[in-house]
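Notes follow once the structure below has been shown.
Computed from a predicted model, the values in this text were never measured in an experiment. Chain letters run A, B, ... following the sequence lines, proteins first, then strands; residues in each count from 1.
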Amino acid sequence: MMTTISKAAGAAALLLSWYDRHHRDLPWRISPVMAARGMHPDPYHIWLSEVMLQQTTVQAVKAYFEKFRRLWPTVADLAVADTEEVMKAWAGLGYYARARNLKKCAEAVARDHGGRFPETEEGLKALPGIGDYTAAAVAAIAFNRQSAVLDGNVERVISRLHAIETPLPAAKPQMRMLVAEMTPQDRPGDFAQGMMDLGATICTPKRPACALCPLNDHCLALKTADPETFPRKAAKKDKPLRVGAAFVAVDQSGAVYLRKRAETGLLGGMTEVPGTAWTSRVDGDNSIEAKPFPAQWHACGAISHVFTHFELRLSVHSATVARSAQMIGSGENGWWEPAETLGAQALPTVMKKAIAQAIPHAFKDGAEPKRQVRKTAT
DNA sequence: AATGCGGGGGC
DNA sequence: GCCCCAGCATT
């Protein structure tokens with residue numbers, strides 16, 4: 001047992017040394033050099049970046065992080081922000097429950113904790129949108145706590161170091177124990193970030209650069225097996241296909257008719273154009289009752305979009321509609337959005353695709369997804 | 001323990 | 001195409 005502990009401590013020292021030399025420069029990060037001069041990370045920045053980084057790449061997060069920091073410089077600013085403005089700023093980043101919980105969390109910190117984040121894992125995890133990973137990461141990075149930080153990168157590194165045969169997610173408790181054993185009392189935050197940087201740049205899913213790895217002499221998978229085959233994972237299910245129709249109504253000024261989706265579920269709280277339900281049946285056609293206005297609707301192709309658990313194909317229809325036109329059905333909570341401000345709405349990517357399909361120049365400055373030229377929805 | 005929940009980049 | 005990404009909430 002003592003041998004195991006010493007080995008872990010030696011590996012941790014190597015990892016920290018590597019991090020000092022090879023860490024990435026990120027907008028929310030205090031470099032080891034600056035930390036040595038007494039600089040501390042802002043817990044608000046660490047929390048904000050960690051929530052954005054949940055299942056999201058560093059590259060995608062950078063611009064959003066800067067935008068949020070500019071719009072809401074402190075957690076108090078975010079706590080009093082308009083939720084709709086937060087959804088607009090988050091649009092395109094995905095997993096929109098994160099944005100709703102981000103706002104709730106900021107409110108809870110302001111209301112229940114005097115505007116300061118709790119410094120313990122337990123206290124952090126009690127907040128909306130903060131789970132095992134984020135609580136440990138914020139505690140370690142922002143508050144120098146010796147927390148075991150386990151994300152997808154660390155899972156890969158640990159599974160290879162120990163050649164863990166148990167597939168994920170069953171192996172997580174064992175991995176967490178091994179990370180806890182390896183996490184140093186000194187600089188736990190840098191250790192966590194170092195492990196994640198290692199997983200992102202050296203210990204990669206495909207073709208890991210083992211020759212450059214500071215831990216290669218400790219890696220059981222490298223000695224006895226093929227590191228690339230770790231971590232073991234349960235087989236994943238196939239994605240079903242769903243189909244539907246979307247209706248892009250444009251008035252004489254170029255404004256587009258939009259409406260708000262339900263607060264919960266898929267794309268919860270985000271903005272959309274009217275459309276049919278998305279069904280798994282390819283034969284049915286319920287597009288008639290979903291048209292928002294009586295008009296000369298004309299089919300203008302289809303778009304395809306892949307979500308986490310299904311693929312969607314939407315046939316897109318467009319029409320020019322007088323703003324005074326009689327609506328079909330009732331209970332619509334929609335509005336006419338001017339063309340100039342379309343790009344600033346809380347439109348998820350699939351909706352931008354649909355609008356761009358109907359109005360090729362609807363979005364300027366690269367906000368426009370690639371126009372898809374598919375002719376049918378099947 | 002399993003499922004729902006976005007979007008983009010790498011290969 | 002497939003895989004993965006600094007996961008969380010809910011059942």
Gap between atom CZ of A/Arg242 and atom CH2 of A/Trp278 - 0.5 Å precision: 9.0 Å

Salt bridge (charged side-chain N to carboxylate O under 4.0 Å, His left out) partners for A/Asp151, two or more places apart: none

Shortest side-chain distance from A/Lys237, nucleotide among C/dC8, B/dT3, C/dC3: B/dT3

A/His305 vs B/dG6: side-chain N/O to OP1/OP2 distance below 4.0 Å: no

Between B/dC5 and C/dC5 - C1' atom distance, rounded Å: 15 Å

For A/Arg187, salt bridge (charged side-chain N to carboxylate O under 4.0 Å, His left out) partners two or more places apart: A/Asp20, A/Asp190

Sugar-phosphate, base or nothing in reach of A/Gly92, heavy atoms under 4.0 Å: sugar-phosphate

Within residues 11-36 of chain A, residues whose heavy atoms come under 4.0 Å of DNA chain C: A/Arg24, A/Leu26, A/Trp28, A/Arg29

Sugar-phosphate only, base, or nothing, as touched by A/Tyr95 at under 4.0 Å among non-hydrogen atoms: base

Residues from residues 139-177 of chain A lying under 4.0 Å of DNA chain B - heavy atoms: none

Paired and unpaired positions of DNA chain B as dot-bracket, Watson-Crick or G-U wobble under 3.5 Å, | denoting a partner strand: |||||.|||||

Sugar-phosphate only, base, or nothing, as touched by A/Leu267 at under 4.0 Å among non-hydrogen atoms: sugar-phosphate

Contact list for DNA chain B against residues 52-91 of chain A - heavy-atom distance below 4.0 Å: A/Gln55, A/Thr56

Protein-nucleotide distance (A/Asn101, atom CG; B/dG6, atom P), rounded to Å: 12 Å

